[in-house]
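Right, one structure below, let's go through it.
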Amino acid sequence: MDRDMAALLTRHSEALALFGERVHAVRADQWDEPTPCTDWSVRDLVNHLTAEQLWVPALVTEGSTTEEIEEAGDAYDGDVLGKRPRATWDSAARAAHRAFAEPGALKRMVWLSYGETPAVAYCSQMITDAVVHSWDLSRAIGASERLPDALVAFALEEVTPYASGLSASGLFAPPVEPPPGDSHQTRLLALLGRRA
C-alpha cells in the first residue's frame with residue numbers, strides 16, 4: 001500500500017474514532033435533543049452516520065452495481081440503531097474501516113447514488129462527513145467542539161473545491177461568511193453552513 005493510501009486510512013480511522021467518542025458521550029437523556037442539522041435529533045444524526053457506514057462493505061468490498069444498490073433500496077433507511085445505538089455504531093464503523101482497508105479496496109471504483117466514483121474519493125467524503133458531524137454532535141450534547149487539526153485540514157482540503165455547490169443538493173445549508181481572523185475549523189464549518 002502506498003503512503004498516500006496509508007495516510008488516508010489513518011485519517012479514516014481517526015474520523016471514525018472521533019465520532020465514536022462523541023457517540024459514547026451521549027447521555028441517556030440526550031438522544032432526542034436537537035442538533036445543528038435541521039430537523040435531526042441526536043439519535044437521527046447518529047443513525048445517519050451509522051447507516052452510511054453500513055453501506056460501505058457492500059459498495060467497496062462487494063462492489064455492488066447500480067442495479068444491486070437499487071435492489072437493496074431502502075435496506076438502511078429508517079432506524080438502524082435499534083436498542084443499542086452505541087454498539088451498533090461501533091460495529092458499523094469497524095466494518096466500514098475493514099472494507100476500506102482491504103488490500104486493493106481504495107483502488108476500486110464504487111457505485112454511488114450519483115454514479116461511478118473512485119473508492120479513494122468515497123473514503124475522503126466519508127472522512128469529511130464524520131469530521132463535520134462530530135462537531136454537530138459535540139454541540140448537541142455539550143462536548144468539546146474542538147476538532148483535531150489534522151482532520152480539519154483534511155476535511156477543508158477535501159470540501160473546498162465543491163463546497164459552493166453543496167447547498168443545491170438540499171442536504172446542506174448555504175455557506176456562511178466566517179468571522180475575521182477565522183481558524184481552519186471555523187472556515188470548514190462556514191463552508192458547510194455552520195456558525196462556530
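Computed over heavy atoms, backbone and side chain alike; hydrogens, waters and symmetry mates excluded.
- Side-chain contact check for Leu45 versus His133: some heavy-atom pair is nearer than 4.5 Å.
- A donor-acceptor pair under 3.5 Å links the side-chain atoms of Gln185 to the main chain of Leu147, judged by distance alone.
- By the 4.5 Å heavy-atom criterion applied to side chains, Ile141 and Arg27 are not counted as neighbours.
- For the pair Asp136 (side chain) and Pro36 (backbone), a donor-acceptor distance under 3.5 Å is absent.
- Leu151 contributes atom CG, which lies 12.5 Å from atom CG of Leu156 (distance to the nearest 0.5 angstrom).
- One N or O on the side chain of Gln53 and one on the backbone of Leu49 form a donor-acceptor pair closer than 3.5 Å.
- When every heavy atom of Ser13 is checked against every heavy atom of His97, the shortest pair comes out as CB-CE1, 3.7 Å.
- Thr117 places a side-chain N or O within donor-acceptor distance of the main-chain N or O of Gly115, the cut-off being under 3.5 Å.
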message = Test side chain to side chain contact (heavy atoms under 4.5 Å, CB included) on Phe19 and Val131; report intermediate values, then the result.
response = CA-CA 7 Å; Phe19 190 78; Val131 171; over 6 Å; no
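- Asp44 and Ser41 share a side-chain donor-acceptor pair at under 3.5 Å.
- A side chain to side chain donor-acceptor pair (under 3.5 Å) check over residues 78-88, counting only residues at least two apart or in different chains, returns the pairs Arg43-Asp79.
- Between Ala99 and Pro57, the shortest heavy-atom contact is CB-CA, 3.8 Å.
- The side chain to side chain contact (heavy atoms under 4.5 Å, CB included) with Glu158 is formed by just one residue from the set Asp129, Ile127, Leu188, Thr128; it is Thr128.
- Side-chain atoms of Arg22 and Ser134 form no donor-acceptor pair, as typed in the model, at a separation below 3.5 Å.
- A 6.0 Å sphere centred on CG of Asp39 holds no more than 12 heavy atoms belonging to other residues, nucleotides or ligands.
- In terms of modelled atom types and a separation under 3.5 Å, the side chain of Ser138 and the main chain of Ser144 share a donor-acceptor contact.
- Arg139 and Glu33 are not joined by a salt bridge, as no carboxylate oxygen comes within less than 4.0 angstrom of a charged side-chain nitrogen.
- Distance check: Leu8 CG to Phe100 CZ gives 8.0 Å after rounding to the nearest 0.5 Å.
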